[in-house]
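Here is how names work: the chains are called A, B, and so on, in the same order as the sequence lines, proteins then strands, and each is numbered from 1.
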There are 2 protein chains.
Amino acid sequence: MSKAIDKEADCRFMDEMASLMMPWGWPRNVGRMYAYLLLSDKPVTLDTISEDLRIAKSNASVAARTLEQFGNARRHSEPGSKRIYYSAPDILSGPFAFTSQLLGRISGLLASHKALARTDAVDARLDDMAGFYAEIRDAIQGVLDRYAGIASAVEGVPDGEEPSPSLPSSSATRTR
Amino acid sequence: MSKAIDKEADCRFMDEMASLMMPWGWPRNVGRMYAYLLLSDKPVTLDTISEDLRIAKSNASVAARTLEQFGNARRHSEPGSKRIYYSAPDILSGPFAFTSQLLGRISGLLASHKALARTDAVDARLDDMAGFYAEIRDAIQGVLDRYAGIASAVEGVPDGEEPSPSLPSSSATRTR
DNA sequence: GGATAAATTCACAAAAATCAGAATATGTCA
DNA sequence: TGACATATTCTGATTTTTGTGAATTTATCC
(Lines give C-alpha, C1' and ligand atoms only; values in the text may rest on other atoms or scores of the structure.)
Protein backbone atom coordinates (compact mmCIF):
# COMPACT_ATOMS: atom_id res chain seq x y z
CA MET A 1 0.00 0.00 0.00
CA SER A 2 2.79 2.42 0.81
CA LYS A 3 4.20 1.54 -2.60
CA ALA A 4 0.84 2.21 -4.24
CA ILE A 5 0.40 5.55 -2.44
CA ASP A 6 3.80 6.70 -3.65
CA LYS A 7 2.88 6.24 -7.26
CA GLU A 8 2.78 9.40 -9.28
CA ALA A 9 -0.80 8.83 -10.36
CA ASP A 10 -1.91 8.58 -6.75
CA CYS A 11 -0.19 11.86 -5.95
CA ARG A 12 -1.96 13.51 -8.85
CA PHE A 13 -5.24 12.03 -7.67
CA MET A 14 -4.69 13.46 -4.19
CA ASP A 15 -3.62 16.85 -5.51
CA GLU A 16 -6.57 17.06 -7.85
CA MET A 17 -9.05 15.98 -5.21
CA ALA A 18 -7.58 18.60 -2.88
CA SER A 19 -8.06 21.25 -5.57
CA LEU A 20 -11.67 20.21 -6.08
CA MET A 21 -12.41 20.28 -2.36
CA MET A 22 -10.90 23.70 -1.69
CA PRO A 23 -13.94 25.48 -3.11
CA TRP A 24 -15.93 23.68 -0.40
CA GLY A 25 -13.69 25.25 2.21
CA TRP A 26 -11.46 22.25 2.82
CA PRO A 27 -7.84 23.11 3.57
CA ARG A 28 -5.52 21.57 1.02
CA ASN A 29 -4.12 18.85 3.24
CA VAL A 30 -7.57 17.86 4.45
CA GLY A 31 -8.52 17.15 0.84
CA ARG A 32 -5.28 15.31 0.20
CA MET A 33 -5.82 13.12 3.23
CA TYR A 34 -9.40 12.42 2.18
CA ALA A 35 -8.13 11.14 -1.17
CA TYR A 36 -5.29 9.24 0.50
CA LEU A 37 -7.73 7.37 2.71
CA LEU A 38 -9.94 6.58 -0.29
CA LEU A 39 -6.94 4.86 -1.85
CA SER A 40 -5.95 2.99 1.29
CA ASP A 41 -7.01 -0.62 1.56
CA LYS A 42 -6.12 -0.76 5.26
CA PRO A 43 -6.46 1.69 8.14
CA VAL A 44 -3.33 3.83 8.65
CA THR A 45 -1.67 5.60 11.55
CA LEU A 46 -0.89 9.29 11.90
CA ASP A 47 2.79 8.52 11.46
CA THR A 48 2.13 6.75 8.18
CA ILE A 49 -0.14 9.52 6.96
CA SER A 50 2.44 12.12 7.97
CA GLU A 51 5.20 10.27 6.09
CA ASP A 52 3.19 9.46 2.99
CA LEU A 53 1.70 12.95 2.63
CA ARG A 54 4.95 14.62 3.74
CA ILE A 55 3.26 16.83 6.31
CA ALA A 56 3.94 17.43 9.99
CA LYS A 57 2.34 14.93 12.34
CA SER A 58 0.61 17.78 14.14
CA ASN A 59 -0.99 18.80 10.87
CA ALA A 60 -1.99 15.18 10.18
CA SER A 61 -3.57 14.99 13.62
CA VAL A 62 -5.66 18.13 13.15
CA ALA A 63 -6.65 17.23 9.61
CA ALA A 64 -7.61 13.69 10.57
CA ARG A 65 -9.89 14.89 13.31
CA THR A 66 -11.40 17.47 10.98
CA LEU A 67 -12.27 14.70 8.51
CA GLU A 68 -13.50 12.39 11.23
CA GLN A 69 -15.69 15.07 12.77
CA PHE A 70 -18.05 15.03 9.80
CA GLY A 71 -17.80 11.42 8.77
CA ASN A 72 -15.07 11.82 6.16
CA ALA A 73 -12.71 9.41 7.86
CA ARG A 74 -13.21 6.52 10.25
CA ARG A 75 -11.25 6.26 13.45
CA HIS A 76 -10.20 2.88 14.80
CA SER A 77 -8.70 2.03 18.15
CA GLU A 78 -6.54 -1.00 18.90
CA PRO A 79 -7.03 -2.77 22.26
CA GLY A 80 -3.89 -2.51 24.39
CA SER A 81 -2.45 0.33 22.36
CA LYS A 82 -2.73 4.06 22.22
CA ARG A 83 -2.41 3.97 18.50
CA ILE A 84 -5.23 5.35 16.44
CA TYR A 85 -5.91 4.19 12.90
CA TYR A 86 -7.80 6.11 10.25
CA SER A 87 -9.59 4.62 7.27
CA ALA A 88 -11.75 5.61 4.35
CA PRO A 89 -15.24 6.92 5.06
CA ASP A 90 -18.56 5.51 3.92
CA ILE A 91 -19.65 6.21 0.39
CA LEU A 92 -21.87 8.86 2.00
CA SER A 93 -19.14 11.39 2.61
CA GLY A 94 -17.78 14.63 1.28
CA PRO A 95 -18.79 18.18 2.12
CA PHE A 96 -22.55 17.68 1.96
CA ALA A 97 -23.89 17.37 5.45
CA PHE A 98 -22.39 20.73 6.26
CA THR A 99 -23.54 22.06 2.90
CA SER A 100 -27.07 20.90 3.56
CA GLN A 101 -27.09 22.53 6.99
CA LEU A 102 -25.63 25.75 5.60
CA LEU A 103 -28.29 25.92 2.89
CA GLY A 104 -30.98 25.38 5.49
CA ARG A 105 -29.63 28.29 7.48
CA ILE A 106 -29.49 30.53 4.43
CA SER A 107 -33.08 29.64 3.60
CA GLY A 108 -34.16 30.30 7.17
CA LEU A 109 -32.38 33.64 7.23
CA LEU A 110 -34.11 34.73 4.03
CA ALA A 111 -37.51 33.57 5.24
CA SER A 112 -37.19 35.21 8.64
CA HIS A 113 -36.07 38.50 7.18
CA LYS A 114 -39.02 38.54 4.83
CA ALA A 115 -41.22 39.94 7.56
CA LEU A 116 -38.90 42.92 8.00
CA ALA A 117 -38.49 43.91 4.40
CA ARG A 118 -40.04 47.15 3.25
CA THR A 119 -41.71 46.51 -0.07
CA ASP A 120 -43.84 43.74 -1.52
CA ALA A 121 -41.28 43.18 -4.26
CA VAL A 122 -38.47 42.66 -1.79
CA ASP A 123 -40.72 40.45 0.35
CA ALA A 124 -41.52 38.28 -2.65
CA ARG A 125 -37.87 38.09 -3.66
CA LEU A 126 -36.76 36.95 -0.21
CA ASP A 127 -39.58 34.43 -0.05
CA ASP A 128 -38.81 32.98 -3.48
CA MET A 129 -35.11 32.84 -2.73
CA ALA A 130 -35.75 31.12 0.59
CA GLY A 131 -37.67 28.49 -1.38
CA PHE A 132 -34.87 28.15 -3.90
CA TYR A 133 -32.21 27.54 -1.27
CA ALA A 134 -34.53 25.11 0.52
CA GLU A 135 -35.04 23.14 -2.70
CA ILE A 136 -31.30 22.85 -3.28
CA ARG A 137 -30.92 21.74 0.32
CA ASP A 138 -33.74 19.21 -0.04
CA ALA A 139 -32.29 17.84 -3.27
CA ILE A 140 -28.95 17.21 -1.57
CA GLN A 141 -30.60 15.85 1.57
CA GLY A 142 -32.69 13.46 -0.52
CA VAL A 143 -29.60 11.80 -1.95
CA LEU A 144 -27.93 11.76 1.47
CA ASP A 145 -30.99 10.13 3.01
CA ARG A 146 -31.05 7.45 0.33
CA TYR A 147 -27.40 6.65 0.85
CA ALA A 148 -27.89 6.69 4.61
CA GLY A 149 -30.56 4.05 4.12
CA ILE A 150 -28.14 1.92 2.12
CA ALA A 151 -25.44 2.34 4.73
CA SER A 152 -27.68 1.36 7.62
CA ALA A 153 -28.82 -1.71 5.67
CA VAL A 154 -25.19 -2.71 5.36
CA GLU A 155 -24.38 -1.87 8.98
CA GLY A 156 -23.46 -4.76 11.21
CA VAL A 157 -21.66 -6.78 8.58
CA PRO A 158 -18.11 -7.22 9.91
CA ASP A 159 -15.37 -6.51 7.36
CA GLY A 160 -12.91 -8.88 8.94
CA GLU A 161 -10.20 -6.23 9.07
CA GLU A 162 -8.38 -5.12 12.23
CA PRO A 163 -8.90 -2.79 14.11
CA SER A 164 -12.60 -2.24 14.92
CA PRO A 165 -14.23 0.97 13.67
CA SER A 166 -15.80 3.89 15.49
CA LEU A 167 -18.87 5.45 13.92
CA PRO A 168 -18.72 8.82 12.11
CA SER A 169 -21.40 11.46 12.66
CA SER A 170 -22.33 13.79 9.76
CA SER A 171 -20.24 15.64 7.21
CA ALA A 172 -18.36 18.84 6.28
CA THR A 173 -15.07 20.57 6.97
CA ARG A 174 -14.20 24.12 7.89
CA THR A 175 -14.32 25.44 11.38
CA ARG A 176 -14.23 29.19 11.48
CA MET B 1 -34.30 52.51 0.93
CA SER B 2 -31.20 54.05 2.45
CA LYS B 3 -33.20 54.35 5.67
CA ALA B 4 -34.27 50.71 5.44
CA ILE B 5 -30.72 49.51 4.77
CA ASP B 6 -29.45 51.32 7.84
CA LYS B 7 -31.78 49.49 10.12
CA GLU B 8 -30.08 47.25 12.60
CA ALA B 9 -31.98 44.20 11.44
CA ASP B 10 -30.78 44.71 7.89
CA CYS B 11 -27.19 44.93 9.09
CA ARG B 12 -27.61 41.70 11.01
CA PHE B 13 -29.12 40.11 7.91
CA MET B 14 -26.14 41.19 5.82
CA ASP B 15 -23.63 40.07 8.43
CA GLU B 16 -25.28 36.71 8.85
CA MET B 17 -25.58 36.14 5.12
CA ALA B 18 -21.89 37.03 4.80
CA SER B 19 -21.05 34.48 7.48
CA LEU B 20 -23.04 31.81 5.69
CA MET B 21 -21.39 32.55 2.37
CA MET B 22 -17.80 32.56 3.66
CA PRO B 23 -17.64 28.76 3.76
CA TRP B 24 -18.34 28.89 0.01
CA GLY B 25 -15.23 31.02 -0.43
CA TRP B 26 -17.02 34.35 -0.68
CA PRO B 27 -15.09 37.22 0.84
CA ARG B 28 -17.03 38.85 3.63
CA ASN B 29 -17.95 42.00 1.74
CA VAL B 30 -19.08 40.04 -1.30
CA GLY B 31 -21.61 38.27 0.90
CA ARG B 32 -22.67 41.50 2.55
CA MET B 33 -23.24 43.12 -0.84
CA TYR B 34 -25.23 40.12 -2.04
CA ALA B 35 -27.56 40.50 0.93
CA TYR B 36 -27.67 44.29 0.49
CA LEU B 37 -28.82 43.93 -3.09
CA LEU B 38 -31.45 41.39 -2.07
CA LEU B 39 -32.89 44.06 0.23
CA SER B 40 -32.72 46.84 -2.33
CA ASP B 41 -35.90 47.70 -4.14
CA LYS B 42 -34.03 49.81 -6.72
CA PRO B 43 -30.69 49.48 -8.47
CA VAL B 44 -27.87 51.26 -6.65
CA THR B 45 -24.58 52.86 -7.58
CA LEU B 46 -21.11 51.96 -6.37
CA ASP B 47 -21.03 55.19 -4.37
CA THR B 48 -24.24 54.26 -2.59
CA ILE B 49 -23.06 50.72 -1.95
CA SER B 50 -19.74 52.03 -0.67
CA GLU B 51 -21.49 54.43 1.71
CA ASP B 52 -24.16 52.04 2.95
CA LEU B 53 -21.77 49.13 3.50
CA ARG B 54 -19.01 51.44 4.77
CA ILE B 55 -16.37 49.99 2.49
CA ALA B 56 -13.93 51.60 0.07
CA LYS B 57 -15.34 52.26 -3.38
CA SER B 58 -12.53 50.21 -4.90
CA ASN B 59 -13.63 47.24 -2.79
CA ALA B 60 -17.24 47.82 -3.80
CA SER B 61 -16.17 47.85 -7.43
CA VAL B 62 -14.27 44.57 -7.20
CA ALA B 63 -16.97 42.88 -5.14
CA ALA B 64 -19.73 44.04 -7.47
CA ARG B 65 -17.99 42.63 -10.50
CA THR B 66 -17.31 39.40 -8.65
CA LEU B 67 -21.03 39.04 -7.93
CA GLU B 68 -22.02 40.07 -11.44
CA GLN B 69 -19.57 37.68 -13.06
CA PHE B 70 -21.54 34.68 -11.85
CA GLY B 71 -25.04 36.05 -11.95
CA ASN B 72 -25.27 37.17 -8.35
CA ALA B 73 -25.92 40.80 -9.20
CA ARG B 74 -27.36 42.54 -12.23
CA ARG B 75 -25.54 45.42 -13.86
CA HIS B 76 -27.49 48.31 -15.40
CA SER B 77 -26.23 51.12 -17.56
CA GLU B 78 -27.86 54.52 -17.95
CA PRO B 79 -27.89 56.16 -21.40
CA GLY B 80 -25.86 59.36 -21.43
CA SER B 81 -24.06 58.51 -18.23
CA LYS B 82 -21.05 56.52 -17.19
CA ARG B 83 -22.82 55.48 -14.05
CA ILE B 84 -23.36 51.82 -13.41
CA TYR B 85 -26.19 50.52 -11.26
CA TYR B 86 -26.33 47.16 -9.56
CA SER B 87 -29.44 45.29 -8.53
CA ALA B 88 -30.55 42.02 -7.02
CA PRO B 89 -29.98 38.82 -9.01
CA ASP B 90 -32.52 36.31 -10.22
CA ILE B 91 -33.88 33.83 -7.73
CA LEU B 92 -31.46 31.35 -9.32
CA SER B 93 -28.33 32.73 -7.71
CA GLY B 94 -25.89 31.98 -4.93
CA PRO B 95 -22.73 29.89 -4.92
CA PHE B 96 -23.95 27.19 -7.30
CA ALA B 97 -22.60 28.07 -10.71
CA PHE B 98 -19.62 25.80 -10.50
CA THR B 99 -21.09 23.39 -7.99
CA SER B 100 -22.47 21.09 -10.61
CA GLN B 101 -19.33 21.18 -12.71
CA LEU B 102 -17.14 20.72 -9.66
CA LEU B 103 -19.09 17.66 -8.55
CA GLY B 104 -18.88 16.28 -12.07
CA ARG B 105 -15.13 16.65 -11.97
CA ILE B 106 -14.90 14.93 -8.60
CA SER B 107 -17.01 12.07 -9.91
CA GLY B 108 -14.88 11.85 -13.05
CA LEU B 109 -11.67 11.89 -11.02
CA LEU B 110 -12.91 9.03 -8.86
CA ALA B 111 -14.11 7.00 -11.84
CA SER B 112 -10.92 7.49 -13.83
CA HIS B 113 -8.69 6.58 -10.91
CA LYS B 114 -10.63 3.37 -10.39
CA ALA B 115 -8.61 1.69 -13.11
CA LEU B 116 -5.36 2.49 -11.29
CA ALA B 117 -6.33 1.35 -7.85
CA ARG B 118 -4.70 -1.75 -6.48
CA THR B 119 -7.37 -3.82 -4.84
CA ASP B 120 -10.93 -4.80 -5.69
CA ALA B 121 -12.16 -3.18 -2.47
CA VAL B 122 -10.59 0.16 -3.35
CA ASP B 123 -11.86 -0.14 -6.92
CA ALA B 124 -15.40 -0.71 -5.67
CA ARG B 125 -15.14 2.15 -3.22
CA LEU B 126 -14.00 4.60 -5.90
CA ASP B 127 -16.70 3.40 -8.26
CA ASP B 128 -19.46 3.72 -5.69
CA MET B 129 -18.24 7.11 -4.60
CA ALA B 130 -18.10 8.31 -8.20
CA GLY B 131 -21.78 7.35 -8.46
CA PHE B 132 -22.59 9.12 -5.22
CA TYR B 133 -21.01 12.41 -6.29
CA ALA B 134 -22.73 12.11 -9.68
CA GLU B 135 -26.10 11.70 -7.96
CA ILE B 136 -25.54 14.77 -5.81
CA ARG B 137 -24.52 16.65 -8.95
CA ASP B 138 -27.63 15.52 -10.79
CA ALA B 139 -29.90 16.41 -7.88
CA ILE B 140 -28.52 19.94 -7.72
CA GLN B 141 -28.57 20.36 -11.47
CA GLY B 142 -32.21 19.30 -11.55
CA VAL B 143 -33.21 22.16 -9.27
CA LEU B 144 -31.01 24.63 -11.15
CA ASP B 145 -32.52 23.55 -14.46
CA ARG B 146 -36.04 23.99 -13.13
CA TYR B 147 -35.28 27.49 -11.88
CA ALA B 148 -33.52 28.33 -15.11
CA GLY B 149 -36.73 27.33 -16.90
CA ILE B 150 -38.76 29.63 -14.66
CA ALA B 151 -36.39 32.52 -15.21
CA SER B 152 -36.43 32.18 -18.99
CA ALA B 153 -40.24 32.03 -18.93
CA VAL B 154 -40.24 35.33 -17.08
CA GLU B 155 -37.60 36.89 -19.31
CA GLY B 156 -38.75 39.74 -21.47
CA VAL B 157 -41.26 41.12 -19.02
CA PRO B 158 -40.18 44.72 -18.42
CA ASP B 159 -40.08 45.70 -14.75
CA GLY B 160 -40.77 49.32 -15.47
CA GLU B 161 -37.81 50.46 -13.41
CA GLU B 162 -34.88 52.50 -14.74
CA PRO B 163 -32.20 51.62 -15.82
CA SER B 164 -32.31 48.66 -18.21
CA PRO B 165 -30.69 45.40 -17.06
CA SER B 166 -27.73 43.46 -18.41
CA LEU B 167 -27.95 39.69 -18.32
CA PRO B 168 -26.04 37.63 -15.73
CA SER B 169 -24.29 34.42 -16.77
CA SER B 170 -23.99 31.56 -14.25
CA SER B 171 -23.10 31.51 -10.55
CA ALA B 172 -20.30 31.06 -8.01
CA THR B 173 -17.57 33.16 -6.46
CA ARG B 174 -13.94 32.34 -5.86
CA THR B 175 -11.31 32.69 -8.49
CA ARG B 176 -8.19 30.80 -7.58
C1' DG C 1 -9.48 68.75 -27.84
C1' DG C 2 -10.20 69.48 -22.33
C1' DA C 3 -12.92 69.01 -18.03
C1' DT C 4 -15.12 66.19 -15.10
C1' DA C 5 -17.05 62.21 -12.90
C1' DA C 6 -17.00 57.47 -12.39
C1' DA C 7 -14.87 53.00 -12.62
C1' DT C 8 -10.93 50.21 -12.36
C1' DT C 9 -6.22 48.84 -11.38
C1' DC C 10 -2.19 48.87 -8.61
C1' DA C 11 0.80 48.88 -4.56
C1' DC C 12 0.98 48.04 -0.08
C1' DA C 13 -0.68 47.16 4.62
C1' DA C 14 -3.46 44.44 7.53
C1' DA C 15 -5.77 40.35 8.60
C1' DA C 16 -6.49 35.58 8.33
C1' DA C 17 -5.19 30.91 7.37
C1' DT C 18 -1.89 27.27 7.28
C1' DC C 19 2.00 24.82 8.66
C1' DA C 20 6.14 23.04 11.28
C1' DG C 21 8.17 22.10 15.37
C1' DA C 22 8.27 22.49 20.42
C1' DA C 23 5.89 21.53 24.43
C1' DT C 24 2.51 19.18 26.83
C1' DA C 25 -1.01 15.66 27.71
C1' DT C 26 -2.44 11.02 27.56
C1' DG C 27 -2.54 5.86 27.31
C1' DT C 28 -0.28 1.56 28.02
C1' DC C 29 2.92 -1.46 30.16
C1' DA C 30 5.96 -3.19 33.68
C1' DT D 1 5.29 4.74 40.34
C1' DG D 2 8.24 5.71 35.97
C1' DA D 3 9.33 4.82 31.06
C1' DC D 4 7.93 5.17 26.69
C1' DA D 5 5.18 5.93 22.64
C1' DT D 6 1.61 8.39 20.69
C1' DA D 7 -1.64 12.14 20.22
C1' DT D 8 -2.73 16.80 20.88
C1' DT D 9 -2.10 21.67 21.86
C1' DC D 10 0.50 25.75 21.57
C1' DT D 11 3.54 29.14 19.50
C1' DG D 12 5.54 31.57 16.01
C1' DA D 13 6.78 31.82 11.14
C1' DT D 14 5.17 31.78 6.59
C1' DT D 15 1.85 32.16 3.12
C1' DT D 16 -2.36 33.71 1.33
C1' DT D 17 -6.27 36.64 1.20
C1' DT D 18 -8.62 40.91 1.78
C1' DG D 19 -9.18 45.75 1.83
C1' DT D 20 -7.70 50.76 1.48
C1' DG D 21 -6.19 54.64 -0.80
C1' DA D 22 -3.49 56.42 -4.63
C1' DA D 23 -2.96 56.30 -9.36
C1' DT D 24 -4.71 55.45 -13.72
C1' DT D 25 -8.17 54.56 -17.17
C1' DT D 26 -12.50 55.30 -19.21
C1' DA D 27 -16.99 57.45 -20.49
C1' DT D 28 -19.60 61.43 -21.21
C1' DC D 29 -20.38 66.23 -22.19
C1' DC D 30 -19.19 70.62 -24.10
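- Rounded to whole Å, atom P of dT18(D) lies 17 Å from atom CG of L53(B).
- Regarding M22(A), its CE atom lies at a distance of 10 Å from the C1' atom of dT18(C), rounded to whole Å.
- Looking at S112(B), its side chain does come within 3.5 Å of a backbone N or O of G108(B) through a donor-acceptor pair.
- The side chain to side chain donor-acceptor pair (under 3.5 Å) test applied to Q141(B) returns S100(B), D145(B), not counting sequence neighbours.
- The shortest distance between side-chain heavy atoms of Y85(B) and L46(B) does not fall below 4.5 Å.
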Quick one: which protein N/O atoms are closer than 3.5 Å to N/O atoms of nucleotides 8-10 of chain D? Pair and distance per line, please.
from, atom 1, to, atom 2, distance (Å)
dT8(D), OP1, R75(A), NH2, 3.2
dT8(D), OP2, S61(A), OG, 2.9
dT9(D), OP2, R65(A), NH2, 3.0

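- Side-chain atoms of Y34(B) and S93(B) form a donor-acceptor pair, as typed in the model, at a separation below 3.5 Å.
- With rounding to whole Å, E68(A) atom CD is found 12 Å from dA7(D) atom P.
- One interatomic measurement links the two molecules: CZ of R28(B) to P of dT20(D), which rounds to 12 Å at whole-angstrom precision.
- Between R125(A) and D41(B) there is no salt bridge, since no side-chain N of the basic residue sits under 4.0 Å from a carboxylate O of the acidic one.
- Considering only heavy atoms from C-beta on, R74(A) comes within 4.5 Å of D90(A) through its side chain.
- Protein atom CD of E51(A) is 14 Å distant from nucleotide atom P of dA20(C), rounded to whole Å.
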Set out, line by line, the N/O atom pairs under 3.5 Å between protein and nucleotides 28-30 of chain C.
from, atom 1, to, atom 2, distance (Å)
dT28(C), O3', G80(A), O, 2.6
dC29(C), OP1, G80(A), O, 2.9

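- One interatomic measurement links the two molecules: CH2 of W26(A) to P of dT16(D), which rounds to 22 Å at whole-angstrom precision.
- Ionic pairing of R83(B) and E78(B) is not present here: no N-O contact between side-chain nitrogen and carboxylate oxygen is shorter than 4.0 angstrom.
- Taking only side-chain nitrogens and oxygens, N29(B) comes nearer than 4.0 Å to OP1 or OP2 of dG19(D).
- Note: Y147(B) and F132(A) have perpendicular aromatic rings, judged against thresholds of 30 and 60 degrees for the angle between ring planes.
- Protein atom NE2 of H76(B) is 14 Å distant from nucleotide atom P of dA7(C), rounded to whole Å.
- Taking the side chain of A56(A) as heavy atoms from C-beta on, and the options dA7(C), dG21(C), dG19(D), the nearest nucleotide is dG21(C).
- Using a cut-off of 4.0 Å between Lys/Arg side-chain N and Asp/Glu carboxylate O, D127(B) and K114(B) are scored as salt-bridged.
- One can place CD1 of I55(A) at 13 Å from P of dA7(D), the figure rounded to the nearest angstrom.
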